[in-house]
There are 2 protein chains.
Amino acid sequence: MQMKTGVEQSIYAMLLLTFLPDKGVLPGEFISQQLGASPTYFQKLLRKLVHADLLMSVPGAKGGFRLKASPEQISVFDVYEAIEGKQSLYASSGVFEDLMGIQNQNICLLSDLMTEAEQSWQSTLKRETIDSIRREIYLNCPPDHLTKLQSLIEEKMIRN
Amino acid sequence: MQMKTGVEQSIYAMLLLTFLPDKGVLPGEFISQQLGASPTYFQKLLRKLVHADLLMSVPGAKGGFRLKASPEQISVFDVYEAIEGKQSLYASSGVFEDLMGIQNQNICLLSDLMTEAEQSWQSTLKRETIDSIRREIYLNCPPDHLTKLQSLIEEKMIRN
DNA sequence: ATAACGTGGATAACTATTGTCCACGTTATA
DNA sequence: TATAACGTGGACAATAGTTATCCACGTTAT
């Protein structure tokens, strides 16, 4: 049981996109290069983020991706859910309920507990946003790295 | 990202074993039959539980498994960890830290958050024990089912 | 001795994740 | 209007993780 690597990569992609000026976009291939991800697979992740309304995509030449909402409105959980989907971590098989003769009653021996555990996991991820991580970066990264990255992005980005 | 089915089966196995009188054991095959699990694979799960010191095994004819500790001392998390292992849900790739030039500093943009989320997930699973679930069963199951199961177990179990 | 049980390793089947490829639609630009 | 650069969606392959099977072996009751 491990989180998909795509979740981490997607969060980093979102973070990269916070560096982008208004109306600019970054091509998917550039983003995947920066993250060292496989370009073709990463496009799939980007599309999931678009489907989840976290990213906007501009097709055609000079196309690319940008954040759809502002970084304060996008939680880490939003990204997690966009990539991993909405299925919960635990799925009861119902065997034990059968064995105990409590099939149709609403007594979920384990399910309730698992649901509660998952919710407290999720609430931690909901608390933190792309913006709060971005602020941490601004506080902690060496300024030269930040400016270097900033200018790289401004070089590669496309204005509309 | 889904929990292994083995975790659920293992918890149910532990619960079954709470029905067992002192010094009795249940053969692995009987347990797997009750849970509708594949016998050979389920033996592997049982061995993981033995390795984690949650079960005791008695080899030889009239052998089988019994709980090693008392049900109050075994948390749902113990079983989870025995089956899933100790690796955490999230493993940082370090790519972004490289990109930001913060490799060797202790600034874990995501790791800290993920660790915190996982800990709150775990603490929920640690709170509940095999015994607390067993008590729920006793309260909620139709008494005839309970006595039927109890007598099935006493029939199939082996005293030492 | 033999049968019933657990043990551990090798290995296969299955499933989910990750990665690739291609035909296509859209748009900027020459 | 042609072409090149980009995103889209589907089909597909490679890889990794999970589940399942088998077997030779050690232990113990009978």
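Just so it is clear, the model here is predicted, and its values are computed rather than measured. In what follows, chains carry the letters A, B, and so on, assigned in the order in which the sequence lines appear, proteins first and then strands, with residues in each chain numbered from 1. Just so it is clear, the values below take in all heavy atoms, side chains as well, and ignore hydrogens, waters and symmetry mates.
The distance between atom CG of A:Leu49 and atom P of D:dG9, rounded to the nearest whole Å, is 14 Å. What separates CD1 of A:Ile31 from P of D:dA5 is a distance of 18 Å, to the nearest Å. One atom, CE of A:Met56, and another, C1' of D:dC6, lie 14 Å apart when rounded to the nearest Å. Rounded to whole Å, the distance from CG on A:Leu89 to P on D:dT18 is 14 Å. The CD atom of B:Glu29 sits 13 Å away from the C1' atom of D:dT21 (whole-angstrom rounding). Atom C1' of nucleotide D:dA29 and atom NZ of B:Lys62 are separated by 7 Å, given to the nearest angstrom. The nearest whole Å value for the distance from the NZ atom in A:Lys48 to the P atom in C:dG19 is 13 Å. We find that CE of B:Met3 is positioned 18 Å from P of D:dG17, with the value rounded to whole Å.
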Check residues 40-61 of chain B and write down every donor-acceptor pair under 3.5 Å in which the side-chain atom is one partner and the other belongs to a residue at least two apart or another chain.
residue, atom, partner, partner atom, Å
B:Lys48, NZ, B:Ile83, O, 3.3
B:His51, ND1, B:Arg47, O, 3.3
B:Asp53, OD1, B:Lys68, NZ, 2.8

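Distances shorter than 4.0 Å separate some side-chain N or O of A:Tyr41 from OP1 or OP2 on C:dT18. Contact annotation: B:Thr5 does not reach the phosphate of D:dT18 (side-chain N/O to OP1 or OP2, under 4.0 Å). Phosphate proximity of C:dT20 to A:Ser38: present, with a side-chain N or O under 4.0 Å from OP1 or OP2.
The side-chain heavy atoms of A:Phe30 and A:Leu152, taken from C-beta on, include a pair separated by under 4.5 Å. By the 4.5 Å heavy-atom criterion applied to side chains, A:Trp121 and B:Leu89 are counted as neighbours. Counting heavy atoms from C-beta on, the side chains of B:Val76 and A:Met114 come closer than 4.5 Å.
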| query | For DNA chain D, what dot-bracket results from Watson-Crick or G-U pairs at under 3.5 Å, with [ ] for crossers and | for inter-strand partners? | reply | ||||||||||||||||||||||||||||||
| For nucleotides 7-16 of chain C, read 5' to 3', which letter fits each nucleotide if B means a protein heavy atom sits under 4.0 Å from the base, S means only the sugar-phosphate is that close, and - means neither? | SBBB------
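Inspection of the A:Asp112 and A:Thr115 side chains reveals no N or O donor paired with an N or O acceptor under 3.5 Å. A:Tyr90 and A:Glu118 share no donor-acceptor pair across their side chains, judged by distance under 3.5 Å alone. A donor-acceptor pair shorter than 3.5 Å can be found between the side chains of B:Ser75 and B:Asp78.
Of all heavy-atom pairs spanning B:Ile137 and A:Phe96, the tightest one is CD1-CE2, 3.5 Å. The two residues B:Glu8 and A:Gly94 come nearest to each other via the heavy atoms OE2-N, 4.0 Å.
Residue contacts shown for A:Gly60 include a base, since a base heavy atom lies under 4.0 Å away.
Looking at which nucleotide of DNA chain C each of B:Gln2 and B:Ile158 is closest to, the 5′-most match is held by B:Ile158.
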